[in-house]
Amino acid sequence: MIDKIVASAREAVEPVADGMTVLIGGFGQVGTPNHLIEALCEKGVRDLVVVSNNAGTGTHGLARLMAEGRVRKVICSYPRSRGSVVLEELYREGRIELEIVPQGTLAERLRAAGAGIPAFYTPTAAGTLLAEGKETRIFGGRACVLEHALPGDVALIEAWEADRWGNLTFRKSGRNFNPVMAMAARLTIAQVHHVVPLGTLDPERIVTPGVFVDRVVHIPYGSPRLT
Amino acid sequence: MIDKIVASAREAVEPVADGMTVLIGGFGQVGTPNHLIEALCEKGVRDLVVVSNNAGTGTHGLARLMAEGRVRKVICSYPRSRGSVVLEELYREGRIELEIVPQGTLAERLRAAGAGIPAFYTPTAAGTLLAEGKETRIFGGRACVLEHALPGDVALIEAWEADRWGNLTFRKSGRNFNPVMAMAARLTIAQVHHVVPLGTLDPERIVTPGVFVDRVVHIPYGSPRLT
Amino acid sequence: MAVKTETIGLARRDRAAMAARVAADIPEGWVVNLGIGLPTLVADHVPPDREVIFQSENGVIAMGPAPLPGEEDPWLINAGKQMVTLRPGGSFVSQADSFALIRGGRLDLAVLGAFEVAENGDLANWALASNEKAPAVGGAMDLAAGARRVWVLMEHTTKDGTPRLVRRCRYPLTAPRCVSRVYTDLAVIDVTAEGFLVREMVAGLSRESLQSRTDAPLRFA
Amino acid sequence: MAVKTETIGLARRDRAAMAARVAADIPEGWVVNLGIGLPTLVADHVPPDREVIFQSENGVIAMGPAPLPGEEDPWLINAGKQMVTLRPGGSFVSQADSFALIRGGRLDLAVLGAFEVAENGDLANWALASNEKAPAVGGAMDLAAGARRVWVLMEHTTKDGTPRLVRRCRYPLTAPRCVSRVYTDLAVIDVTAEGFLVREMVAGLSRESLQSRTDAPLRFA
């Protein structure tokens with residue numbers, strides 16, 4: 001019997017090791033797997049490369065992971081949010097690397113990793129600073145930039161419902177980067193609000209089939225704290 | 001008020017013109033917009049390029065469109081099915097062009113068109129006849145082929161439910177190429193089994209948002225005829 | 001380049017009026033992305049019975065008005081991380097599908113803020129210097145490169161009077177040659193093959209006065 | 001290269017036994033794509049309580065057994081256009097997402113038919129000649145290039161006795177160096193860096209007899 005449900009966030013993140021590339025889902029505070037990130041802090045891994053749209057706010061979740069010196073590099077589109085003080089301080093002090101990627105290119109690089117596409121061309125960023133040093137090529141008269149797949153060793157994601165096969169649904173704007181990161185990592189760990197019996201999720205409503213999910217932990221923590 | 005519902009298949013296909021590239025959804029006989037294709041036959045356009053996974057069987061639908069001499073070229077992955085006599089005869093007589101594309105590359109070229117990605121690299125077909133004449137490049141030690149987006153002027157698709165905004169759901173394996181073709185064409189025309197009031201489709205269950213759909217015609221024709 | 005022109009009697013548009021002016025030009029049926037900040041206000045000025053589909057980068061299609069007090073849903077936010085609502089007919093997609101929509105030719109319009117717009121349509125709206133600390137680009141480059149039309153909504157000049165409509169952008173580009181129209185507190189200006197073409201000005205403003213607040217030459221329709 | 005070996009007393013596997021032999025090697029939890037024809041039979045030989053996820057190119061994830069008479073659903077077909085069922089926990093995706101799964105590293109196994117397999121793992125299973133009329137590739141190349149493992153299930157020789165396990169494929173390739181194991185009516189053979197390695201043979205078959213039906217040199221485990 002396939003059963004991907006694990007008992008705790010701590011157990012869920014057990015395979016994460018030093019030096020790994022970790023994809024972290026969410027947009028703002030919605031759909032962000034904060035309990036998995038906290039478990040990662042407690043586990044004590046080091047030298048991580050984190051891929052996430054934002055770079056943490058306040059002092060919990062990703063901000064805590066960075067503040068504890070566990071993150072070597074952040075790849076994101078929008079590191080500067082209200083309350084993103086940890087990243088800004090580390091960056092100013094030269095204690096963390098930062099790679100800025102346009103948000104759509106970030107999503108597409110993850111999608112490419114999940115789809116077995118090693119590289120693609122996009123018009124985004126052509127003719128800008130973010131294309132410097134990158135191969136540019138004309139398609140249909142338009143300059144496009146070569147971008148590479150961005151695979152993760154691990155993805156930490158959040159979902160609304162799950163069954164023991166790891167089939168997932170998401171809640172409203174909590175979907176965001178989560179389905180694409182689930183596909184982009186070798187090992188995908190989901191923090192979910194509800195665990196339901198196999199066969200009770202409408203097959204037409206499953207967004208992420210369980211084939212993309214390896215571990216599920218049930219953490220019904222309530223609604224996102226937006227502030 | 002946005003209302004994409006049109007009265008008939010004939011009215012739905014009115015924008016299709018000579019020489020256009022027409023994407024036709026479906027896999028086998030499931031999810032195939034046969035009533036739209038028949039309307040296209042009656043309209044009498046010529047010189048079409050048709051993109052479809054299969055190349056028609058029997059004497060109706062796509063087979064009829066080809067038999068009537070309206071198709072200049074077929075781009076597909078699997079033209080040779082049981083009953084695909086029309087295509088085979090036309091091809092043998094040199095009266096139709098055929099471009100064979102691996103099925104996953106076909107789906108990805110359509111997806112690229114829908115996503116504004118002009119070209120991508122894929123390991124599929126590298127080192128085979130289907131890569132001859134195509135640029136090949138090594139990524140991560142692996143040969144990959146450069147493939148280009150495959151946009152349509154028009155997509156003819158089939159869906160299960162629709163509302164007046166063109167939001168769509170699909171039925172089981174009727175999903176297949178339909179959502180990706182809806183995104184890949186400049187103008188998307190959907191033949192649907194059910195039309196429901198706006199706001200009654202579960203937002204989490206909509207597979208193709210109406211932003212990708214231009215015309216909807218209500219044709220509750222029953223189940224696919226598999227033979 | 002500081003502006004010395006007298007401003008008394010000038011019907012300068014306030015933020016709400018600027019947003020309303022853009023809203024007036026958006027026809028029913030368009031799919032529209034509104035940038036963070038001032039552009040977000042545009043949605044409030046589209047009449048509820050005009051069906052315009054506002055899309056957000058984080059995968060929300062067909063956002064409605066701000067939630068009523070007590071009806072906020074923290075699971076439903078826009079790209080600016082504000083709580084929003086969903087119109088009947090709205091739906092949710094992943095970030096990858098959301099940007100597929102943006103780049104794939106189905107986004108009729110992006111209304112973006114800017115630091116500068118050049119007379120050739122170049123847009124600078126994401127970084128103030130090429131060596132900026134922790135710059136944040138978000139979806140700006142994808143929207144600028146992907147939308148079928150890019151309109152900019154911004155103050156005509158900076159607070160100290162420096163023009164934002166310029167011959168060439170001094171700030172790092174978001175995308176080259178992408179802006180087709182600029183709405184400011186003073187005017188509506190098209191970007192044409194021959195440069196800026198003023199479509200309308202606020203009452204009490206002379207052509208000379210508008211030109212004096214603009215770095216690039218203006219033509220008038 | 002016609003086979004002259006005596007076949008009396010040889011426990012050659014029939015089609016059902018060949019499929020069952022493959023099924024025995026598929027562990028619970030694997031995500032598996034079965035090619036059209038003989039490979040499709042493999043699903044029937046996996047015990048129902050062993051949860052193996054059979055995926056089909058047309059976007060069906062977790063197919064179950066063939067429908068009972070009277071319970072067929074024409075909306076639910078596999079890549080071979082046969083009616084199938086969905087297991088509890090199954091789901092549907094688009095063709096693009098289906099091939100994302102196939103190419104993206106989540107497909108543990110593809111079981112494919114073949115015309116020929118070469119000792120370096122080259123697979124030929126889609127066209128019989130480079131100038132073939134209306135060739136049909138379907139998803140074969142994507143599966144061969146994308147799956148984490150490719151196992152081939154085929155008769156050891158053609159009907160006229162021509163070996164299908166060869167030094168170099170004569171037919172057009174589906175993908176180079178992709179096959180890791182071959183199941184035939186006579187043997188189970190791994191493709192290794194040193195060529196074919198026979199893991200097991202049916203009862204009554206000698207090493208010499210198997211070698212005589214094989215174009216490439218065999219080693220025996």
Side-chain angles (χ1 to χ4, degrees), chain A residues 31 102-126 135-151 159-161 167-176 178-180 183 194 201-209, chain B residues 31 102-126 135-151 159-161 167-176 178-180 183 194 201-209:
Chain A
Q103 196 173 122
T105 298
L106 184 65
E108 191 67 12
R109 288 179 63 192
L110 292 162
R111 193 264 169 195
I117 299 299
F120 60 91
Y121 291 92
T122 175
T124 299
E135 179 182 322
T136 300
R137 185 160 168 172
I138 308 289
F139 291 94
R142 189 143 194 228
C144 293
V145 182
L146 181 67
E147 294 283 356
H148 292 78
L150 182 53
W160 185 244
E161 298 162 299
N167 289 307
L168 303 179
T169 68
F170 300 92
R171 184 170 172 82
K172 300 187 180 179
S173 67
R175 192 179 299 204
N176 59 64
N178 286 304
V180 69
M183 296 174 71
H194 302 284
L201 293 175
D202 177 356
E204 307 278 9
R205 199 172 177 277
I206 291 169
V207 172
T208 294
Chain B
Q103 195 173 124
T105 298
L106 184 65
E108 191 67 11
R109 288 179 63 192
L110 292 162
R111 194 265 169 196
I117 299 299
F120 60 90
Y121 291 93
T122 175
T124 299
E135 179 183 323
T136 300
R137 186 160 166 172
I138 308 289
F139 291 95
R142 190 145 194 227
C144 293
V145 182
L146 180 67
E147 295 282 358
H148 291 78
L150 182 52
W160 185 245
E161 298 161 298
N167 289 306
L168 303 180
T169 68
F170 300 92
R171 183 170 174 82
K172 301 187 179 179
S173 68
R175 192 179 298 203
N176 59 64
N178 286 304
V180 68
M183 296 173 71
H194 301 285
L201 293 175
D202 177 356
E204 308 278 9
R205 197 171 178 278
I206 291 169
V207 172
T208 293

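As the structure is a prediction and not an experimental result, all values here were calculated from the model. Letters A, B, ... are given to chains in the order of the sequence lines, protein chains preceding strands, and every chain is numbered from 1.
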If you tally heavy-atom pairs under 4.5 Å against chain A, which of B:T122, B:V207, B:I117, B:L146 wins?
-> B:I117

Where the side chain of B:E204 meets the backbone of A:K172, is there a donor-acceptor pair that is under 3.5 Å apart?
-> yes

Pick one of side chain, backbone, both or neither for A:R175, based on which atoms fall under 4.5 Å of a heavy atom in chain B.
-> side chain

Toward chain B, the part of A:Y121 with a non-hydrogen atom under 4.5 Å = both

A:E108 versus chain B, the contacting section by heavy-atom distance below 4.5 Å = side chain

Looking at A:P123 and B:G116, what are the two nearest heavy atoms and their distance?
-> CD-O, 3.4 Å

